[in-house]
Asker: 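The structure is given below, and queries will be raised subsequently.
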Amino acid sequence: MSSFAGRMKEYPTISLDRFDKENLHARAYFLSHCHKDHMKGLKGPLLRRKLHFSRTVRLYCSFVTKELLLNNQKYAFWEEYIVPLELESPTQIPLVDEASGEKEEIVVTLLPAGHCPGSVMFLFEGSRGNVLYTGDFRLAAGDASRIEHLHSGSRVKDIQSVYLDSTFYDPRFYQIPTREVCLRGILELVGNWISQSSYHVVWLNCKAAYGYEYLFTNLGEEFNTQIHVNSLSMFKKMPEILSYVTTDRRTQIHACRHPKDDEYFQGNRLPCGCTATDGTPLRIISIKPSTMWFGERTKKTNVIIKTGASSFRACFSFHSSYSEIKDFLSYLKPVNIYPSVIPIGRTLTEVSQLLKLMCRNQSHQALIYKPLGVLKRSRVERPTYDSDTDDELFDRLDMEPVRKKMGLIQEVKKDKSQSPQRTASPLSVEEPSSVTVTQSVAHNYVDCTESNDEEEDNEEEDKSKELEESRKSGSPKWEDFFTTEMLTDSQNSIKSQSQSCCSAASTSPSRMTGSQTPELFSDEENPHNAETFSLTLSASVSNHSSQNMDSCLPDTEILRPQQGEGETSVTSRKEEGGCLMVPSEREEPSGSQASSDFDVPCTPESRAPQADELLQLYRKLASGEEVLIRKGSQGSV
DNA sequence: GCGATCAGCT
DNA sequence: CACAGCTGATCGC
């Protein structure tokens, strides 16, 4: 949870992600994303009153964040004070002291943060230097090099300070499987379950927060279905999400919630009360997205863990891992780094000390040769940090075990011609049913009328009919759901027109079930219909190429990701037996790494190594020598 | 009655 | 496998 106080040393007249106390005096406000722990004070009466009397104070955020914020009535009064900004478009913001009339300008650029829909980092450029407020973020190793506005020409911008999402800045959280790997594990588990029969359903036990949407869209796309959720209204201008969620309960994948949903699940009921028509009990499994982390040398990297007869945890993280953060920081090399989160069990002092080592002046000037890349990243000296595990805390040339191809999850996100119902179940769950799965499972489900939770939960249903009119076809990728652009009304109408063909199996829920849901979506509730816009979500930073995931299925319930992915900070590797792993033997670098290594050279004078130089280098590495290329010439300055 | 804070829970 | 947010109790205004 963020404990950032709201203000940055360099630009104390603006406030970010905190809106109480001293922040009430700010000249401008910034909201990085729509999570409550970043919105403290945002609905406070004092701030509301200030806005009422101010002519210049505004709240700046992304279009999607604005949409999500205003979906909550408690924040509706912000409507006229929000200035949504385009991503990656430097914008000059006036900072006016309304008492004295004094005015200052600052340039802000929104950078996609990969944390939840609409989440951004703020890059500020002004008279006190460049500062980066990361908000909360999940970026893969190598992503920083692809963020154009962190660069000036071919060089990394001089960043004075980074205000950092340090949630997992602790060596305990060294590695978290990449988003893609986690997604594959979940797709595999879900696919193998719901393909057994139409009575086999999945409940995604997600928390009440934005950030799971890419899961819904990818599942929806993969299995040509929609995910049942409590409400669609927040997504009404985001067709890419809207098209994969529904309030129609007759689907095999649910992410609905109820205050007593765990109880419901124990009683073999879905939170929405949905059951089968013919009395056949549903076969429900729950999948709880949870953060899983691994030490540097931990080989156990299961992304799915079975926790009960019908319960699973699936690896999932909104935040960058320790190594991902280190990669990010070692690329930017800011002068100062301030943590905005203290990891559980750590102190501010500990985290600050660890972060100091990543600052420009503390880092050693030695560059270590990277055989396959340019001399982009320098390395930090291994600090004398007190290790709490047998994991090595910091990457070293001689500590990295060879990453074996251990991926046991079949590639599922591939060409669309392949059936989602593929292979035998890898899960040691209950025996497969002989019922053949068809696309249309609608008739197997009805309302469970004894369910007492209809009143509140179904208020969106009638609206959903309307909203589902605007579904679109297309292949979603996770990275689509963290950034935005606006659609014009005409584009939106095109999308609406194109939707009818792909909703053949989707029938109005109230028509099928006789729902008594009152009409809650009158025009009055949305008086600005004529002016409504549509948000579309565009590809963001990462450009992950298809990776070689041609692994086999396990015969246990444990799924493992391919290892070695996203690893960029280690310059060379040596197998524990002493055998060098040369580049040609290494795993293919991920698409992100490949591009990050070559796109933005920070040391222009660098050149490609010759074969004999490489040989020498490997010999030195094998003998454990430190390999020093050159002093000085930091690429990041 | 409202907001802030905290414990407890998930 | 530890993030984000809900509920309810308590307190102060």
Side-chain angles (χ1 to χ4, degrees), chain A residues 1-4 17-21 23-24 32-49 68-69 72 74-75 113-119 135-138 165-177 179 182 185-186 203-213 215 230-231 234 255-266 271 286-295 298 300-308 311-322 340-346 351 388-389 391 453 456-457 558-561:
Chain A
M1 292 285 195
S2 175
S3 56
F4 182 62
D17 287 358
R18 276 294 286 270
F19 308 92
D20 57 352
K21 300 177 180 170
N23 300 301
L24 286 166
S32 68
H33 65 287
C34 210
H35 277 169
K36 293 278 161 51
D37 57 324
H38 291 253
M39 294 159 63
K40 203 169 185 193
L42 196 56
K43 63 181 185 323
L46 292 176
L47 184 52
R48 189 171 181 163
R49 196 158 154 266
L68 297 178
L69 183 68
N72 187 333
K74 289 173 183 164
Y75 302 98
H115 176 70
C116 72
S119 67
D136 284 352
F137 73 97
R138 173 107 202 244
D165 169 17
S166 45
T167 302
F168 291 136
Y169 197 71
D170 182 317
R172 281 179 298 167
F173 310 113
Y174 190 91
Q175 180 210 345
I176 296 171
R179 213 185 286 269
C182 296
I186 294 169
W203 174 45
L204 301 169
N205 183 358
C206 299
K207 293 182 171 135
Y210 297 118
Y212 301 98
E213 290 71 18
L215 211 51
N230 287 23
S231 170
M234 61 287 271
C256 43
R257 295 185 302 112
H258 183 277
K260 295 179 178 172
D261 47 22
D262 268 316
E263 266 179 46
Y264 275 48
F265 177 67
Q266 295 307 319
S286 79
I287 303 176
K288 189 174 198 167
S290 323
T291 306
M292 299 179 190
W293 63 87
F294 306 96
T298 307
K300 204 182 79 181
T301 52
N302 315 311
V303 299
I304 303 288
I305 291 176
K306 193 169 183 182
T307 56
S311 304
F312 297 84
R313 285 183 188 274
C315 184
F316 189 94
S317 180
F318 292 144
H319 299 272
S320 278
S321 67
Y322 179 74
S340 60
V341 182
I342 307 305
I344 290 171
R346 294 286 178 219
V351 181
D388 56 348
T389 67
D391 296 328
D453 55 291
E456 318 87 78
D457 289 355
I558 301 300
L559 305 180
R560 291 158 182 265

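Reminder, nothing fancy here: chain letters follow the sequence lines and each chain counts from 1.
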Asker: C:dA2, C:dC1, B:dT10: which one has an atom nearest the side-chain heavy atoms of A:R172?
Answerer: C:dA2
Asker: Give A:D261 one of three labels, base, sugar-phosphate or nothing, depending on what nucleic acid heavy atoms sit under 4.0 Å from its own.
Answerer: nothing
Asker: For the pair A:F168 and A:H319, name the ring-plane relationship: parallel under 30°, tilted 30 to 60°, perpendicular over 60°.
Answerer: perpendicular
Asker: Looking only at side-chain N and O atoms, does A:R313 offer a donor or acceptor that is under 3.5 Å from a partner on A:T307?
Answerer: no
Asker: Over how many whole Å does the gap from A:D136 atom CG to C:dG5 atom C1' extend?
Answerer: 14 Å
Asker: Please verify the inter-ring angle class for A:H115 with A:F318; under 30° counts as parallel, over 60° as perpendicular, anything in between as tilted.
Answerer: perpendicular
Asker: Between C:dA4, C:dA2, B:dT10, which nucleotide has the shortest distance from any of its atoms to the side chain of A:I344?
Answerer: C:dA2
Asker: Among C:dC1, B:dT10, C:dC3, which is the nearest nucleotide to the side chain of A:F168?
Answerer: C:dC3
Asker: Atom CG of A:N72 to atom C1' of C:dA4: distance rounded to whole Å?
Answerer: 15 Å
Asker: Please report, rounded to the nearest Å, how far the P atom of B:dT5 is from the CG atom of A:D37.
Answerer: 15 Å
Asker: Output the single nucleotide from C:dA4, C:dA2, C:dC1 whose closest atom is nearest the side chain of A:H115.
Answerer: C:dA4
Asker: Taking only the side-chain heavy atoms of A:K21 (C-beta and beyond), determine which of C:dA4, B:dT5, C:dC1 contains the nearest atom.
Answerer: B:dT5
Asker: OP1 or OP2 of C:dC3 versus the side-chain N and O atoms of A:T167: is any pair under 4.0 Å?
Answerer: no
Asker: I need the CZ-P distance between A:R48 and B:dC2, as an integer number of Å.
Answerer: 13 Å
Asker: Check whether any side-chain nitrogen or oxygen of A:H38 sits under 4.0 Å from OP1 or OP2 of C:dA4, and answer yes or no.
Answerer: no
Asker: Could you state the CE-P distance from A:M234 to C:dG5, rounded to the nearest angstrom?
Answerer: 12 Å
Asker: Whether the side chain of A:D165 engages the backbone of A:F137 through a donor-acceptor N/O pair (distance < 3.5 Å, no angle test) should be reported.
Answerer: yes
Asker: Rounded to the nearest angstrom, tell me the gap between atom CD1 in A:I176 and atom P in C:dA2.
Answerer: 11 Å
Asker: Distance check, rounded to the nearest 0.5 Å: A:S317 atom OG versus A:I176 atom CD1?
Answerer: 4.0 Å
Asker: Out of B:dT10, C:dC1, C:dC3, which has the shortest distance to the side chain of A:K288?
Answerer: B:dT10
Asker: Please determine if a side-chain N or O atom of A:H258 lies less than 4.0 Å away from the OP1 or OP2 oxygen of C:dC6.
Answerer: no
Asker: Under 3.5 Å, is there a donor-acceptor pair between the side chain of A:Q266 and the main chain of A:Y264?
Answerer: no
Asker: Separation of A:L46 atom CG from C:dC13 atom P, in whole Å?
Answerer: 15 Å
Asker: Select base, sugar-phosphate, or nothing to describe what A:K40 touches, counting heavy atoms under 4.0 Å on all strands.
Answerer: sugar-phosphate
Asker: Take atom CZ of A:R257 and atom C1' of C:dT7, then tell me their distance rounded to the nearest Å.
Answerer: 13 Å
Asker: Taking for each residue the nucleotide of DNA chain C bearing the nearest heavy atom, is the 5' side occupied by A:R313 or by A:Y210?
Answerer: A:R313
Asker: Under 4.0 Å, counting only non-hydrogen atoms across every strand here, what does A:K36 touch: a base, just sugar-phosphate, or nothing?
Answerer: sugar-phosphate
Asker: A:M1 side chain: which of C:dC3, C:dC1, C:dA4 is closest?
Answerer: C:dA4
Asker: With heavy atoms under 4.0 Å as the rule, sort A:Y212 into base, sugar-phosphate or nothing.
Answerer: nothing
